[in-house]
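Structure, as structure tokens:
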Protein chains: 2
Amino acid sequence: MAQGALPGFRDFYPEQFAERAHVTNVWRDVARRFAFAEYDGPPLEPLELYTKKSGDEIVGQLYNFTDKGGRDIALRPEMTPTLARMAAAKAAALRKPIRWFSMPQLFRYERQQRGRLREHFQLNVDIIGEADVTADAELLAVAIEVMRGCGLSAHDVRARVSDRRLLHAILAELGVVEERHPTVFGVVDKIHRQPRDVSREKLTAAGMRDDAIDDFMGLTKEATLDQLDQRFGGAAAVKASIDEMRRYFACLEGLGVLEWVTIDLSIVRGLAYYTGIVFELFDAKGELRAICGGGRYDTLLASLGGVDLPALGFGMGDVVLTELLRERGLLPSAAPHPQVWVAAEAPSQQSDVRRAATALRRIGVSVEYALRDQPLMKQVRSAKAAGAEWVLTLHLPGRPEAPPEPHSWKPDAPPDWNRAITEIGL
Amino acid sequence: MAQGALPGFRDFYPEQFAERAHVTNVWRDVARRFAFAEYDGPPLEPLELYTKKSGDEIVGQLYNFTDKGGRDIALRPEMTPTLARMAAAKAAALRKPIRWFSMPQLFRYERQQRGRLREHFQLNVDIIGEADVTADAELLAVAIEVMRGCGLSAHDVRARVSDRRLLHAILAELGVVEERHPTVFGVVDKIHRQPRDVSREKLTAAGMRDDAIDDFMGLTKEATLDQLDQRFGGAAAVKASIDEMRRYFACLEGLGVLEWVTIDLSIVRGLAYYTGIVFELFDAKGELRAICGGGRYDTLLASLGGVDLPALGFGMGDVVLTELLRERGLLPSAAPHPQVWVAAEAPSQQSDVRRAATALRRIGVSVEYALRDQPLMKQVRSAKAAGAEWVLTLHLPGRPEAPPEPHSWKPDAPPDWNRAITEIGL
């Protein structure tokens, strides 16, 4: 028998599942507090759902195949196309703005690299139907509140935000014609990952003068709204975009997450469909890949043939986040264990053991007991091996050395647990 | 754009997701109370993992394909092979008995029938490493406690149990040679679904005499342990099996679920690998397919090339159970909704709205507010449309008609919520 999972796939033994559940529980709890509703779609979708958005090149990265009915289908590599499909199908009936989240497992057939996964779980949070930056702030607050919910602080994680409209306006001021903006965006996207010379060369090729390049590359290192306002505020388009960003930051302040946020014009998000504010979350030390990325994609839903509604969202995978939490000692330390182990002095008490276990389980306590007759000492050892927090011992009545009470707890259990046991006459 | 999911796949809009979550929450809670630990495996596995257990015929029912690395793989149609693989890989290190559960989505490419699904979610609960009937009782109690956790009673659902060893022993007594037992099991499996004449014919072909057939068909309609003991108790193998069943029932009584259970010798579970006690749960009216089925499969793990450990388990799908709960009015009536809607009298209070929302969200309350400036009346209407349970209104100070308090709740909110708002000065 094959002893392992397929390359790139994870087995979640209880220890690993507990880690995954820890993360997904925080995701779900924060989304609920922000009044987002959970949805899910099928893990299999028609292949065209993905090629329509990302072109045929995407197929090389997919788990795609032809099913027995002759349909070209794929395991979902991302959730947005499913979201677009579902929202479009019921757009008229849904209350706007739509506030939805999902936690799908996603699949990519990437060329196998050492330790590179072909699946991960991803929190997807989206708002559909609100064009104002108030929605952008609400969305980023969800992502940051997840960090806080995981026990991380603004010293551990930074949210870097930019606005594609602002970048467009600045480029126009720097004399870059609109047709060249995509090229410049491509350079910006890699500006911290490729040599400065290469970036300069490409910007020159995009038609930027040397002094504009100096200017621009300085901005992608560090910039405040005040600096941008001072430098470019004379241009109406830049000014309008800066004013939007100021409102955005005021909202973030009201939402209590401003201290996590930095402006970073080098954030453009590789994919082409973003239209406004974009953001990524990183560990503050900069050692890991992005924890989360998202932004506004006002034209995507319509271009997918769905509803023409402004929209924004982010995706946050489980892998980088879990890595960061492990590094910071913020993951649960062990698999779940029973709260109570019920033990007995004699095999004749097996029925009482089950009655006691049942009484406790029915008030919500997690209970285990030995399925096979064992001496008391062995039962206590089993309890310890299982990591049980309490041991309830049923004593054999009538023995000369019998304790005064028919049962005892180690350590002392909550009163309602003891009451449940006393009530069934033990 | 394709407006729907692939045939046989479900979209879970928030309303449907809430139903699914209701069921999976009960599954998880009951499994936790019985001290089972959650695990998961990949939704894709090597094809041979399934053909090894079920033969090549299974391929016709699978979503299988060749991946880009040339591997024959399949979307998991069941969880047991993954469980066997995972348990085998760490058998030596795992505490026995292994008590694990999982809630995978499973896939079958069945010929499309009206309304027939190609995916479902299934609770899998298994115990590995305990041969005694005490484990069989513990397992059935989990399944029944799930019914109770869903709000169902012993009047709604019946657990029908049998024991393959008992059936083997009875057939031997009725003169059926061992080679013919599989044929008879096949007849028994369909005995309530095919005409009596067809069953009789097949039993005759299996070598049973007419009077034995009468005898046997009576037993598959109704039988108590006492009746079986009286009729066949003289045979040592039957007697041993009956004694085991008596111990099993005593355990079920201790676990508080005996009233749900009936002996039914017609339960054999189609699949060939069961070796001992088997069971199914049905709605008492008999209108739906089985809610759940399982039993003991002591030789399966070894035959899959894994560990040689006794094992038992059951699978419970979400579809039939949800259907039953809907019929009985036991499903949540609506999608989740915010607990609190924060409203304000004037646009100038937008920052306070966000501060109030944040204060409440951080103490665990689900909060929404209008992302766009709206008159108070419209905000209250939005709150109602969202199904918010409470509305918190921030009043504009200084107006002649301003209320005495800077904020008010409708209806009166829990004191700690109000404290959270007062503490931030609102």
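Just so we're on the same page: letters track the sequence lines, and every chain starts at 1.
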So which of [options] has the biggest tally of heavy-atom pairs under 4.5 Å with chain B?
| options | answer |
| --- | --- |
| A:T358, A:L255, A:V340, A:D132 | A:L255 |
| A:R354, A:E253, A:R33 | A:R33 |
| A:A18, A:P42, A:A135 | A:P42 |
| A:G149, A:A31, A:A356, A:G69 | A:G69 |
| A:F9, A:F107, A:Y39, A:F65 | A:F65 |
| A:G256, A:P336, A:S102 | A:G256 |

Shorter than 4.5 Å, heavy atoms on both sides: which option in [options] has the most such pairs with chain A?
| options | answer |
| --- | --- |
| B:Q350, B:Q16, B:E45, B:E138 | B:E138 |
| B:A386, B:P97, B:P338 | B:A386 |
| B:R355, B:R99, B:E38 | B:E38 |
| B:L44, B:V30, B:D67 | B:L44 |

* Asked: After noting the C-alpha distance and the side-chain angles of A:R148 and B:R362, does the key distance pass the side chain to side chain contact (heavy atoms under 4.5 Å, CB included) rule?
  -> CA-CA 10 Å; A:R148 188 195 295 272; B:R362 289 198 178 158; 2.6 Å; yes

* What are the two closest non-hydrogen atoms of B:R71 and A:P7, and how far apart are they? ->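 Minimum heavy-atom contact is NH2-CG, 3.6 Å.
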
Is it the side chain or the backbone of [X] that comes within 4.5 Å of chain B heavy atoms, both, or neither?
| X | value |
| --- | --- |
| A:Q339 | side chain |
| A:A131 | both |
| A:L360 | neither |
| A:V365 | backbone |
| A:A250 | neither |
| A:A335 | neither |
| A:R28 | side chain |
| A:Q105 | side chain |
| A:E119 | neither |
| A:R20 | side chain |

* To do: Inspect the surroundings of NZ in A:K384 and state if more than 12 heavy atoms from other residues, nucleotides or ligands are less than 6.0 Å away.
  => no

* To do: Look up atom CZ in A:F101 and atom CZ in B:F17, then write down how far apart they are to the nearest 0.5 Å.
  =>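 It comes to 6.5 Å.
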
* How long is the span from the CD1 atom in B:I98 to the OH atom in A:Y13, to the nearest 0.5 Å? -> 9.0 Å

* Check the pair B:K90 / A:E15 against salt bridge (charged side-chain N to carboxylate O under 4.0 Å, His left out), numbers first and verdict last. => CA-CA 13 Å; B:K90 299 210 177 178; A:E15 288 76 8; over 6 Å; no

* Evaluate salt bridge (charged side-chain N to carboxylate O under 4.0 Å, His left out) for A:R361 paired with B:E145, printing each intermediate quantity in order. => CA-CA 10 Å; A:R361 284 166 172 172; B:E145 213 64 33; over 6 Å; no

* For A:D11 and B:R85, what are the C-alpha separation, side-chain angles and deciding distance, and is it a salt bridge (charged side-chain N to carboxylate O under 4.0 Å, His left out)? -> CA-CA 10 Å; A:D11 283 334; B:R85 179 178 66 67; 2.7 Å; yes

* To do: Look only at the side chain of B:S366 and the backbone of A:R32, and say whether a donor-acceptor pair between them is shorter than 3.5 Å.
  =>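 Yes, the answer is positive, given that a donor and an acceptor are paired below the 3.5 Å cut-off.
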
* Asked: Is a side-chain donor or acceptor of B:Y63 paired with a backbone partner of A:K68 at a separation under 3.5 angstrom?
  ->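 The answer is no, because no donor-acceptor pair under 3.5 Å joins these two groups.
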
